[in-house]
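Convention: sequence-line order gives letters A, B, ...; per-chain numbering from 1.
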Amino acid sequence: MTWDTSLLWQFDILILLMMVICAVTALALEGLLSSAIVTGVYSFLICLMWTHMMAVDVAFTEAAVGAAISTVIFLGTAQYINRWIKKDRPREQGIKQLTIVIGVICAVMMLTATRDLPDWADPASPASTHLSPGYIAQGYHETATPNVVTSVLADYRGYDTMFEAVVVFAAALVVMVVLRRTSHKHRKVLHLRPKREGRDTVLRGAAQSIIPVMQIFALYVLCHGHYSPGGGFQGGVIFGASFILLALCYNLKFSMNRFREHLVLWCCAGGVLLYAGIGAACLGLGKNFLGYAALADLLGVTGKMARSHGILAVEVGVGITVMAVMVSLYYDLASGGDLEDGL
Amino acid sequence: MNLEPFFIAMAVGILFLMLCNIYRVVAGPTVIDRMLGMNVIGTKTTVLIVLVGVIDGRVEMFIDITLAYALLNFITTIAAARFYQRLAQPAPPEPRESLAVPSAGPDLEEGDAPAVASPSVRKETP
């Protein structure tokens, strides 16, 4: 008896059913904490879906971003704004209904558009006939990188990834510009926030044992992106999550003493600068921007290996930026901008 | 012996168990029910990803993802618990305008104070 594992319909239908339930529930629930939790469950399910579709790198990103960081940032924001929300205000009810109308319109438009999309794993779709075969056939021979996703991400599509890193950097900057306040303005808001009680002995012990493992794992994910799913984004998110865990288990001040705000900002900018700097170095050495083969003479290796090393270097840049941006977002959002006390 | 049907049956079974947890997350009367439901769903997701890897015969690809999940699921639960901890604590009495900035120093300008305090003032007036 043979099983066509790519078309395990029981699996898909169950996951999709649960995803729809979660999405509707997240909108319908009262209370931001419950909604954030249901959104977290949704992210688990969609990661499962991507795993099942063999989009392993995407699933890894979702695992890193969706399971931890986005929910934590939701919660951090929610605990800051929670006190200022008044329930059953008619204007907000109206906005909620307007959101539902907009959501339904978007859903109808998207469902209409899905008819034009190619089937799942359709070998006749344009992506499978024009672009992918070239990458799959030449990727390893040209870049010495077995994971074709990494070579496409950081080499063939290096521009896209560079500007993704810039977008991430811009997100941190915008959050900082909007929220960050100088220290003397916050005092009144600070009084509204209850002090955390208790000694958290178990939590701190767990954090002490888990954080070094997490950081080493993050570095492994970053460096091993050539051979397995992973890379700069995922490794950076996991590394940033370790600082967020520190802030959660101790407090924001404790985490900020280890990773100070100005250092976070330097890392945010430095990662992007490293990426763009490598591109510019390639330009200076007489090849295209981000054409890593130009580094071959400098590194003393063949052009193929130079592209592999170039991919690693830009992944490190992406990792530094993403790590610092995650930490910066948490610092600003969870403390409401005054950096006194977080979640 | 071909174990694939066994693994597939196991994956579908775990998915059904996940459905039970989804019920708890959706219906759960208290927030704590939802938090626990989410935590259990995270654990089940970890197992399911390994099972998908076993079914496809490329389990080494999926181990990293499950490790990331196992590490990061912990953070979400702690964040939710912290949020709940603050929610459960009674809010301290709101400070009066004059008491709020006793040591702000001379560099606090007059224009700054109402801008920051306005949300709390708005809260008192319906």
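In this structure, B:Val54 and B:Glu4 have side chains that are not in contact, with every pair of non-hydrogen atoms separated by 4.5 Å or more. Looking only at side-chain heavy atoms (C-beta outward), B:Asp56 and B:Phe7 stay at 4.5 Å or farther from each other.
Here the shortest heavy-atom pairing between A:Cys47 and B:Ile65 reads SG-CG2, 4.5 Å. For A:Ser242 against A:Gln215, the heavy-atom pair with the smallest separation is OG-NE2, 3.0 Å.
When the candidates A:Thr25, A:Ile210, A:Thr51 are compared by the number of heavy-atom contacts under 4.5 Å with chain B, A:Thr51 comes out ahead. Chosen from A:Val237, A:Val41, A:Leu75, A:Ile244, the residue pairing most often with chain B at heavy-atom distances under 4.5 Å is A:Leu75. Here B:Val26 is the residue among B:Val26, B:Thr77, B:Leu19 with the most heavy-atom pairs under 4.5 Å with chain A. For the options A:Val221, A:Leu14, A:Thr71, A:Ile21, heavy-atom pairs under 4.5 Å to chain B are most numerous at A:Leu14. For chain A, the option among B:Phe62, B:Tyr69, B:Phe16 with the highest count of heavy-atom pairs below 4.5 Å is B:Tyr69. In terms of non-hydrogen atom pairs under 4.5 Å with chain A, the most contact-rich of B:Met61, B:Glu60, B:Lys44 is B:Met61. No other option in B:Thr76, B:Leu71, B:Asp64 has as many heavy-atom pairs under 4.5 Å with chain A as B:Asp64.
Of the possible donor and acceptor atoms, none in the side chain of B:Thr66 sits under 3.5 Å from a partner among the backbone N and O of B:Thr46. Between the side chain of B:Asp33 and the backbone N or O of B:Val25, no donor-acceptor pair lies under 3.5 Å.
Under the ring-ring contact (aromatic ring centres under 6.0 Å, His included) criterion, A:Tyr227 pairs with A:His224, not counting sequence neighbours. Take B:Asn21 and apply the side-chain hydrogen bond (donor to acceptor under 3.5 Å, both in side chains) test, not counting sequence neighbours, and it matches no residue.
Only the side chain of A:Leu45 has a heavy atom closer than 4.5 Å to any heavy atom of chain B. For A:Phe74, no part sits under 4.5 Å from any heavy atom of chain B, backbone or side chain. For A:Phe44, the parts lying under 4.5 angstrom from a heavy atom of chain B are both the backbone and the side chain. Proximity to chain A is limited to the side chain of B:Ile22, based on heavy atoms less than 4.5 angstrom apart.
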